[in-house]
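Within every chain, numbering begins at 1; the chains are lettered A, B, ... in the order of the sequence lines, protein sequences first and strands thereafter.
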2 protein chains.
Amino acid sequence: MTRVLVVDDDPAIVRALVINLRARQYEVDSAEDGAGALRAAAARHPDVVVLDLGLPDTDGVDVIRRLRAWSRVPILVLSARHASGEKVQALDAGADDYVTKPFGMDELLARLRAAVRRAEPADGGDVVVETEAFTVDLAAKKVHRDGRDVRLTPTEWHLLEALVRAGGRLVGQRQLLREVWGPSYGTETNYLRVYMAQLRRKLEADPSRPRHLITEPGMGYRFEK
Amino acid sequence: MTRVLVVDDDPAIVRALVINLRARQYEVDSAEDGAGALRAAAARHPDVVVLDLGLPDTDGVDVIRRLRAWSRVPILVLSARHASGEKVQALDAGADDYVTKPFGMDELLARLRAAVRRAEPADGGDVVVETEAFTVDLAAKKVHRDGRDVRLTPTEWHLLEALVRAGGRLVGQRQLLREVWGPSYGTETNYLRVYMAQLRRKLEADPSRPRHLITEPGMGYRFEK
DNA sequence: CGCGCGCGTCAGGGTTGCGTCAAGGTCGGA
DNA sequence: TCCGACCTTGACGCAACCCTGACGCGCGCG
């Protein structure tokens, strides 16, 4: 879930933002001054910060600088000032976007989505799943075992990926076949047997007693850490 | 040097932007419609795109989508419309920022700097990447090997750059083709074979046994340190 | 006890994909 | 106008992959 930090000294605005964001499944923290903002950012590691420039204790641009000193979290600035000098200062200090009050909630949310989307592949880069026998890197499409790379064929990789992405849940054979071979392959369960065997031979310590690529007889297969 | 692509059908705006950007040491290309924008983006690989939504031939949002189909270049949208619906559409299609006309040049430039700054470390990380066989300098666009410069053709460089920027991740052949040759070249995989061979001949110690420019059969290619 | 079912294993044959080479085409500079 | 560098395109051999069928095994059930 995406975590947002809202910083504003006007309780009405904070409330409006919190309600709207929570309704859209964001996790929201809030702060009402610069010190609180920096504390919250350090403690909670938000995925994006919505920052009002007119805070009671600190200059907003200074908050941006201090955040940027150690974090690359996207910062979306709110401000009542329309003057372009303010905007330039904030943006050059490291802000990602600048919205003037009064703002439309739809627009703000869209800009927020844009900021989060941009940041995603940057720091959430590698999705790596580890087991005691091998390591799967879903982003790089790489499998590691005993310090060496394991070579997988395209079909083997697709199958492994489908299982790993299910995150430990059971995947039915029909679903597996459709994901890997395409929508018209619902019954060729022998494909699964052949390729599961190859995967186990390449990945399991003891292929005849799989510990991670598990068969659920009559139902399907499951990946287990 | 940072390369900017300006897309607008109003010559006055294009001129103003080009003058201001060139004065600040940007390298500027321009296009006046959607088709030209896509062509220019494919040919010149700009570091940021400034895009007017009201183009004569195409819906601006559609241009954004088509760009996003193969590129992550930052897109800064210009528009005369203040309506929030337009903004939301453009941002959700993949735009990075949205500025309404008339705009202040200072503000636009600041937003442009923000967009470029964000993108820089996002896909590169290191500007210089070293292997035991050769060294790639992404900023200087140079390749060193055994203490001397290696001469690469433009296409060879694009290909190498796309692989190195992926940072060890596997790059699918379709994606590679689109990044290097443009969005309409999704299937000419023989290009890849030819140019990968040339790169290996120039860079690998033993071109028949590549250690850094690796083929993943059926899936794509990967750069490995 | 015999049978059927589902799963794992193995090996062979058709097909695809990759590396290689060479020739034709295009563009810009001398 | 000629020349060279670069890009495109096609052909060919080879290795790897995908599919397929056959067989063996364990289990549950009649």
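The side chain of B:Trp181 has D:dT8 as its nearest neighbour among D:dC18, D:dT8, C:dT20. Comparing C:dC10, C:dC18, D:dT8 by their closest approach to the side chain of B:Tyr195 singles out D:dT8. Side-chain proximity of B:Thr215 to C:dT20, D:dC17, C:dG19: nearest is C:dG19.
Atom OH of B:Tyr191 is separated from atom P of D:dC6 by 18 Å (rounded to the nearest Å). Put simply, CD on B:Gln198 is 9 Å from C1' on D:dC7, counting in whole angstrom units. As rounded to whole Å, 10 Å separates atom P of D:dC18 from atom CE of B:Met219. One atom, NE2 of A:His158, and another, P of D:dC18, lie 10 Å apart when rounded to the nearest Å. A straight line from CZ of B:Arg193 to P of C:dT16 spans 14 Å, rounded to a whole angstrom. Atom pair A:Met196:CE and D:dC18:C1' shows a separation of 17 Å (rounding to whole Å applied). For the pair B:Arg201 CZ and D:dC6 C1', the computed distance is 14 Å after rounding to whole Å. As a whole-Å value, the separation of B:Leu177 CG from C:dG17 P is 14 Å.
Contacts of A:Thr189 with the nucleic acid, taken as non-hydrogen atoms under 4.0 Å apart, are absent. Heavy atoms of B:Gln173 sit under 4.0 angstrom from primed sugar atoms or phosphate atoms, though from no base atom. Backbone-only contact: B:Arg200 has heavy atoms under 4.0 Å from sugar-phosphate atoms and none from a base. The residue A:Tyr185 sits apart from the nucleic acid: no heavy atom pair falls under 4.0 Å.
Within the structure, a side-chain polar atom (N or O) of A:Thr153 is placed less than 4.0 Å from OP1 or OP2 of D:dC18. Proximity of B:Arg151 to the phosphate of D:dC6: a side-chain N or O atom is located under 4.0 Å from OP1 or OP2. Dashed line: the shortest gap from a side-chain N or O of A:Tyr221 to OP1 or OP2 of C:dG8 is under 4.0 Å.
Comparing B:Leu152 and B:Val194 by the nucleotide of DNA chain D that holds the closest heavy atom to each, the one mapping nearer the 5' end is B:Leu152.
Within the 4.5 Å cutoff, the side chain of A:Leu160 has heavy atoms near those of the A:Leu203 side chain.
Taking the six-membered ring for Trp and the full ring otherwise, B:Trp157 and B:Tyr195 have centroids separated by 6.0 Å or more.
Residues B:Asp52 and B:Lys101 are paired through a salt bridge, judged by an N-O separation under 4.0 Å between the basic side chain and the carboxylate.
Between the side chains of A:Arg113 and A:Thr2, no donor-acceptor pair is found at a separation under 3.5 Å.
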Show the numbers, then the answer: is there a side chain to side chain donor-acceptor pair (under 3.5 Å) between A:His144 and A:Asp149?
CA-CA 5 Å; A:His144 232 36; A:Asp149 287 349; 2.6 Å; yes
